[in-house]
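Comments concern the structure below.
Proteins get letters first, then strands, A, B, ... in listed order; numbering begins at 1 in each. Atom set for the values below is all heavy atoms of this structure, side chains included, hydrogens, waters and symmetry mates excluded.
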Amino acid sequence: MPTTIGVEHFLIVSTLLFTLGVLGVLISRNIIIMFMSVELMLNAASLAFIAFSRLHADASGQVFVFLALAVAAAEAAVGLALIITLYRARGTIDSSAFSIMKW
Amino acid sequence: MTPATIDTIIFYLAAGLAVGSAFLMVWQRNPVASAMFLILSLVAQAALYIQLDAIFLAALLIIIYAGAIVTLFLFVIMLLNLRYEQFVEPSGGLSRIIKVALAATFAASIIAIVQRTLGGGEPFQVLSGAELSFSSVKEVATALYTRYVYPFELVGALLLVAIIGAVALAGKETQETASPK
């Protein structure tokens with residue numbers, strides 16, 4: 001265990017979180033959990049932004065995280081409205097039931 | 001213990017908690033438990049933000065993400081009123097093994113790139129005084145309202161569009177039932 005932590009440690013945590021988000025979208029068949037995994041991926045990217053912001057002592061990275069937070073809120077509102085509409089149409093939250101657009 | 005050692009211990013605790021609860025979030029059958037693990041992961045990530053001196057954004061992460069977005073998720077789960085049989089299992093069998101292998105390859109390659117380009121480098125230099133103010137609310141707000149004012153305005157417009165879109169999508173059914181053709 002190294003005694004000092006640098007930017008690469010935070011980037012590795014960010015990578016692991018992003019990968020878990022990708023894995024959640026791939027593995028889960030529950031659309032609500034899939035959607036939470038997308039939020040996790042957004043957060044992982046934000047952590048990388050903050051780490052680089054600290055490395056360069058520049059506030060720009062934090063501004064991007066602020067904007068990403070607003071986009072995530074907008075995305076959550078629209079996405080959850082879509083989930084409600086899908087549930088009304090099909091009566092299930094199983095993603096394999098929504099295959100009408102699948103070739 | 002020196003401050004550097006304590007910092008390291010806090011980092012490994014927070015990082016382990018963030019990644020561990022994210023892992024548990026993915027492997028749930030019940031979306032409510034999943035949302036709880038998401039909150040736990042977000043709180044640990046806020047601790048990491050504080051370690052990176054981004055105190056304002058750590059507070060925002062807790063207030064907006066854990067306080068508003070995850071609550072919205074829980075509201076929707078409550079609104080759908082699912083029975084336990086409707087909680088679908090994650091996909092299993094061969095497809096799961098392939099997906100985990102793909103994700104592990106992805107993570108390993110990114111980590112290898114990070115280690116090659118940034119690994120073994122010097123740790124963060126200790127900032128003090130005027131240098132440290134880069135992450136204060138004042139500095140972030142100055143950057144937001146001067147250099148990044150157009151993205152800021154656009155994000156406001158995006159939020160408005162998202163509100164209208166959400167109402168149009170979720171409110172459609174009730175409108176039709178209220179006034180049948």
Side-chain angles (χ1 to χ4, degrees), chain A residues 1-13 15-17 19-24 26-30 32-33 36-37 39-40 43 47 50-51 53-55 57-60 62-63 65-67 69-78 80-85 87-88 92-94, chain B residues 4-5 7-8 11 15 18-19 22-23 25-26 28 31 34 38 45 48-49 52-54 57 60 64 69 72-73 76-77 80 86-88 90-91 96 99 103 106-107 110-111 114-115 118-119 121 123-124 127 131 134-135 139-140 143-144 148 151 155 158-159 162-163 165-166 169-170 173:
Chain A
M1 200 197 275
T3 47
T4 48
I5 43 174
V7 68
E8 76 264 26
H9 294 89
F10 286 95
L11 290 181
I12 288 170
V13 174
T15 309
L16 290 175
L17 287 172
T19 310
L20 283 170
V22 173
L23 202 57
L26 289 178
I27 276 186
S28 185
R29 280 166 55 220
N30 186 328
I32 299 174
I33 296 178
M36 283 184 208
S37 304
E39 300 283 339
L40 191 68
N43 270 309
L47 184 63
I50 303 244
S53 157
R54 173 68 177 76
L55 183 70
D58 187 341
S60 296
Q62 302 197 17
V63 174
V65 175
F66 182 87
L67 298 178
L69 266 175
V71 173
E75 177 227 343
V78 175
L80 289 169
L82 278 173
I83 287 177
I84 291 176
T85 317
Y87 183 74
R88 274 188 193 144
T92 177
I93 50 164
D94 186 346
Chain B
T5 329
D7 257 10
T8 311
F11 170 79
V19 174
F23 185 82
M25 184 201 97
V26 169
Q28 286 298 318
S34 216
L38 182 59
Q45 284 176 48
L48 291 177
Y49 282 18
L52 290 166
D53 296 322
L57 281 162
L60 275 188
I64 297 180
I69 296 182
L72 197 62
F73 273 100
V76 168
I77 294 166
L80 296 184
Q86 286 180 294
F87 297 157
V88 278
S91 59
R96 175 191 283 199
K99 286 163 183 170
F106 172 76
I110 302 275
I111 288 171
V114 167
Q115 289 284 17
L118 297 155
F124 294 124
L127 303 176
E131 274 183 311
F134 82 93
S135 65
E139 282 298 311
V140 176
L144 193 61
Y148 296 102
V155 118
L158 177 76
L159 279 173
I163 292 167
L169 273 172
E173 196 86 5

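Highest contact tally toward chain B, considering only A/Val71, A/Ile84, A/Ile50, is held by A/Ile50 [criterion: heavy-atom pairs under 4.5 Å]. Listed options B/Phe11, B/Tyr148, B/Phe23 were ranked by heavy-atom pairs under 4.5 angstrom with chain A; first place goes to B/Phe11. Ranked by heavy-atom pairs under 4.5 Å with chain B, the list A/Thr15, A/Ile27, A/Val63, A/Leu40 is led by A/Ile27. Of all the listed residues (B/Ile163, B/Asp7, B/Leu80), the one sharing the greatest number of non-hydrogen pairs under 4.5 Å with chain A is B/Leu80. Considering only heavy-atom pairs separated by less than 4.5 Å from chain A, the leading option among B/Ile110, B/Ile69, B/Leu38 is B/Ile69. Of the listed residues (A/Val65, A/Ile12, A/Leu11, A/Ile33), the greatest number of heavy-atom pairs within a distance under 4.5 Å of chain B belongs to A/Ile33. Of the listed residues A/Val78, A/Ile83, A/Leu47, A/Asn43, the one with more heavy-atom pairs under 4.5 angstrom with chain B than any other is A/Asn43.
With a threshold of 4.5 angstrom between heavy atoms, A/Leu20 approaches chain B through its backbone and through its side chain. With a 4.5 Å cut-off on non-hydrogen atoms, A/Glu39 touches chain B through its backbone and its side chain both. Using a 4.5 Å cut-off between heavy atoms, B/Val155 touches chain A through its side chain atoms alone.
Atoms CG and CG, from B/Leu57 and A/Leu69 in turn, are 7.0 Å apart once rounded to the nearest 0.5 Å. Distance check, rounded to the nearest 0.5 Å: OG of A/Ser37 to CE of B/Met25 gives 3.5 Å. One distance of note links CD of A/Glu75 with CG of A/Leu82; it measures 10.5 Å at 0.5 Å rounding. One distance of note links CG of B/Leu144 with CZ of A/Phe66; it measures 5.5 Å at 0.5 Å rounding. Here B/Asp53 contributes atom CG and A/Gln62 contributes atom CD; the two are 8.5 Å apart, rounded to the nearest 0.5 Å. Between atom CG of residue A/Asp94 and atom OH of residue A/Tyr87 there is a gap of 12.5 Å, rounded to the nearest 0.5 Å.
Taking every heavy atom of both residues into account, B/Ala18 and A/Leu17 meet most closely at O-CD2, 3.7 Å.
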